[in-house]
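Quick notes on the structure that follows.
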Amino acid sequence: MAETTDEGARDDNGSVTLVGAGPGDPELLTLRAVRALQAADIILVDDLVAPGILDFARREAKKMLVGKTGHGPSCRQDEINALMVTLAKAGKRVVRLKGGDPMIFGRATEEIAACRAAGIPVEVVPGISAAQGAASRLGVSLTHRERARRLQYVTGHGSDGRLPADIDWKSIADPSATTIVYMPVKTHAAFAAAAIAAGLDAATPAVAVINATRPDETVIAATIAELPQHLAAAAVAGPAVVMIGSVFARAMTADETSAPSASQAAGR
Ligand code: SAH
């Protein structure tokens, strides 16, 4: 990895920058993210990063895909941490490019800790998280002031790949909350059943946004009780968030979004 450079003192200048790539549309990159991509020697790229994002990287920067699709996360995460540290120790400006915002369901804690433990300067550049991308595409405020007192992000995917056992279902059932479920696809039916069992009204609007802000964005709007069957029928491909709460009532009326499947699904 240690190619020669024309700067002799370079080995002391290694650093790691965790950069949020946003949900997909490259125009949602921050200026600081673009600047970091332009300054990088090496970019370690997550699965979730949309292809157009790398067009903004320095052409000479080496790009390495370090995705973890579907495999044992903790072992692979260790490898990513080790790689990041090794490269930075060799004097490289390493960008760790992550989908959405690095600080939201992004394993940033481990990566920052690994850098700090190795004495490597680490910086974080925030990104637009999937929830923000999806809400803006729907044109729905997540915190309508009469309907939503609370906004909560929850993962549908525990470290064993199942619905996390310790979700606070009372909070999920709160009618004045807006809930965004990240990584919902495999466990959404169980999530919906548990939420309804905890007292969430079965008629609460629930919207799945798949590939938010990307050219193939798809919106499926239903009630929390019915969304699982719509999602199963749609055979989701790509990252999705499920957004639950009365603020999404408007998204359930057909033709409010540009995605064709929204009206199909809501009309059933
Ligand atoms: N750090 C990311 C989240 C990483 S966890 C962020 O802030 O957005 C991975 C999950 O993010 C996916 O399973 C999905 O739930 C969500 N996600 C990421 N990009 C998405 C997109 N373009 N559309 C819908 N969901 C997305």
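On a predicted model such as this, the values are computed, not experimentally measured, just so you know. Every number for a ligand or one of its atoms is a count from 1 in the order of the listing.
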Please work out whether any backbone atom (N, CA, C, O) or any side-chain heavy atom from C-beta onward of His157 is under 4.0 Å from ligand 1, and answer side chain, backbone, both or neither. neither
Could you label the plane-to-plane angle of the Trp169 and Phe191 rings as parallel, tilted or perpendicular, counting under 30° as parallel and over 60° as perpendicular? perpendicular
Between Lys63 and Ala61, is there a donor-acceptor pair closer than 3.5 Å when you use the side chain of the first and the backbone of the second? yes
Report yes if Pro23 has an N/O atom closer than 3.5 Å to an N/O atom of ligand 1; otherwise report no. yes
Consider side chain to side chain contact (heavy atoms under 4.5 Å, CB included). Of Ile53, Val34, Thr213, which one does Pro26 pass it with? Ile53
Which heavy atom in Ala131 sits nearest to a heavy atom in Leu142, and how many Å separate them? O-CD1, 4.3 Å
Do the side chains of Asp46 and Arg96 get close enough for a salt bridge, i.e. N-O under 4.0 angstrom? yes
Taking distance alone, with no angle check, do Phe105 and ligand 1 share an N/O pair under 3.5 Å? no
Quick one: which of Ile172, Val181, Thr178 gives a side chain to side chain contact (heavy atoms under 4.5 Å, CB included) with Gln152? Ile172
Any N/O pair Ile104/ligand 1 closer than 3.5 Å: yes
Starting from atom 10 (C) of ligand 1, locate the nearest protein heavy atom and write down its residue, its atom name and how far away it is, to 0.1 Å. Met183 CG, 3.8 Å
Counting heavy atoms only, which of Ala130, Ala208, Ala240, Pro239 is nearest atom 15 (O) of ligand 1? Ala240
Mind checking whether Tyr182 has an N or O less than 3.5 Å away from an N or O of ligand 1? no
Under 4.0 Å from a heavy atom of Pro184: which atoms of ligand 1 are those, numbered in the order shown and with their elements? 15 (O)
Shortest protein heavy-atom distance from atom 7 (O) of ligand 1, along with the residue and atom involved: Ser129 OG, 2.6 Å
Is it true that Asp25 and Arg214 make a salt bridge, defined as a side-chain N closer than 4.0 Å to a carboxylate O? no
Once you restrict to heavy atoms under 4.0 Å, what part of Val209 touches ligand 1? Side chain, backbone, both or neither. backbone
Considering only protein heavy atoms, which is closest to atom 9 (C) of ligand 1, and at what distance to one decimal place? Leu48 CD1, 3.3 Å
Under 3.5 Å, is there a donor-acceptor pair between the side chain of Gln38 and the main chain of Phe56? yes
Ligand 1 contact by Gly238, heavy-atom criterion under 4.0 angstrom: no
With atoms numbered from 1 as shown, which atoms in ligand 1 lie under 4.0 angstrom from a non-hydrogen atom of Val241? 15 (O), 24 (C), 25 (N)
Can you check which of Gly127, Ala212, Gly22 brings a heavy atom nearest to atom 23 (N) of ligand 1? Ala212
Measure Asn211 to ligand 1 on non-hydrogen atoms and call it side chain, backbone, both or neither using the 4.0 Å cut-off. backbone
If the contact criterion is a heavy-atom separation under 4.0 Å, does Gly99 count as touching ligand 1? yes
Output all residues satisfying side chain to side chain donor-acceptor pair (under 3.5 Å) with Asp168, sequence neighbours left out; order by chain, then residue number. Ser171
Determine yes or no for a side-chain-to-main-chain donor-acceptor pair under 3.5 angstrom, with Asn211 supplying the side chain and Gly238 the backbone. no
Within a radius of less than 6.0 Å around CZ of Arg116, do more than 12 heavy atoms belonging to other residues, nucleotides or ligands occur? no
Ligand 1 contacted by Arg214 (non-hydrogen, < 4.0 Å): yes
